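A quick write-up on the structure given underneath.
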Amino acid sequence: MNNFEFHNPTKIVFGADTIARLSKLVPDSARVLILYGGASAEKTGTLAEVRRALGARVSREFGGIEPNPSYETLMRAVEQVRRDEIDFLLAVGGGSVIDGTKFVAAAALYDGEPWEIAQSGGAKVRRALPFGAVLTLPATGSEMNNGAVVTHKATHTKLPFRSPLLFPQFSVLDPSKTFTLPTKQVANGLVDAFVHTVEQYLTYPVQALAQDRFAEGLLQTLVEIAPQALAAPDDYATRANLMWTATLALNGLIGAGVPQDWATHMIGHELTALYDIDHARTLALVLPSLLDVQRATKHAKLLQYGERVWGIRDGSEEQRIDAAIAHTRAFFEGLGIPTRLSAYQLGQEAVEAVLAQLAAHGMTSLGEHRDIDLARSRRILEAAL
Ligand code: NZQ
Ligand code: ZN
């Protein structure tokens, strides 16, 4: 096992009817800005519940944070924070709203041009406003981690950043708030959580026995609950399992002491920034091809994954690896999520465009061995055509 430090200060309040707990979680004297996305939070009644729970506190609102939140939109929220002398942020939404709130929390107190926060990967964050979250979409894990991803629309640049100052103080996870999600977003959430787990598990063995078993348990849980999560929107028990599994997939626990990949995410971010494909959908395009191209360096873990997650025990090692990758692809396709670029009418020109953006953003040595250079990214993308 590798050396590690693990610290996660986010308090989780989980369960039905927990939004009312905001009345205790948010400081009484706070001047709050509630941040949300498009129409969903208002339409579903979640915003009304939040307003009620905040009671007499001074609170303002900023709506309109879009999926794949943009720097341009978020800077308008930063202006409002300064204008209204806000000292506490409350995100109400999915990963995009929570990530956007993290950017606003850091940018509002940043001396200099706030895009540097993303360009520095978060290293330049010295201060941040405190914030909490009410999660409405299980997928990203943003509710219990210190990372975020923002997009500079003007340049099609989608960059991740993280900072120890950007953990939510608390997150309220009420599984019944997910009942209103469109099926497509539930499928996206299943795939995002699945790939987060794979990025931290499917690398090479370092005798991290608990992390491996924990990751395999999360993957098996996602596979097990997927049909019911899609078919029965108001099945509380299934949604509760989806919500907690997605949080556990990216709260630092399974990634402690193990090598991590993240190449699928970095290539996927370019596909979102260029073609506006939902985050999880880009991951389904990249991962199966990446596993194939990287099958030599991931050999041992691919066999372990095949056996323990998919029950693959027969055939030669190469056949078992083929089967493991095929199961992964079939799982995504079975959720209605394509694994080929052609499904989005994208061809060779998209491969060239993504490679140019990877080069422009310095994404030229990705993966757990830093061996995914542009030539290898080309092979991965061409295998996904
Ligand atoms: O905008 P509204 O109207 O609210 O609709 C949203 C949005 O259109 C809708 N929605 C959310 N909750 C709903 C709902 N509709 C009905 N009922 C509800 N309860 O869902 C749509 C998608 O929301 P979004 O927040 O964009 O989805 P997701 O949670 O998948 O977040 C994706 C973003 O997170 C980033 C991605 O890159 C992407 O920008 N990620 C963040 C990570 C992190 N911070 O650790 C890690 C991830 O890998 C990921 O990169
Ligand atoms: Zn993701």
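Residue indices begin at 1 and follow the sequence shown. In each ligand, atom 1 is the first atom listed, and ligand 1 is the first ligand listed. As the structure is a prediction and not an experimental result, all values here were calculated from the model.
No other N/O/S atom of His279 lies as close to the Zn ion (ligand 2) as NE2 does.
Listed by chain and number, Gly37, Gly38, Ala39, Ser40, Pro67, Asn68, Pro69, Gly94, Gly95, Ser96, Asp99, Thr136, Leu137, Ala139, Thr140, Ser142, Asn145, Gly147, Ala148, Val149, Lys158, Lys177, Thr180, Leu181, Pro182, Gln185, Asp192, His196, Leu250, His265, His269, His279 each place a non-hydrogen atom less than 4.0 angstrom from ligand 1.
Tyr204 and His369 have parallel rings, their planes meeting at less than 30° on a 0 to 90° scale where 60° marks the start of perpendicular. Ring pair Tyr305/Phe194 is perpendicular by interplanar angle, where above 60° counts as perpendicular and below 30° as parallel.
Using modelled atom types, one finds no donor on one side chain facing an acceptor on the other under 3.5 Å when comparing Asn145 with Asn251.
The aromatic ring centres of His196 and His265 sit less than 6.0 Å apart.
No donor-acceptor distance shorter than 3.5 angstrom exists from the side chain of Arg51 to the backbone of Ser59, with no hydrogens or angles considered. Gln200 places a side-chain N or O within 3.5 Å of a backbone atom of Ala249 that can act as its donor or acceptor partner. When atom types are taken as modelled, the side chain of Thr151 and the backbone of Lys153 share no donor-acceptor pair closer than 3.5 angstrom.
Here the angle centred on the Zn ion (ligand 2), running from NE2 of His265 over to OD1 of Asp192, is 120°, rounded to 10°.
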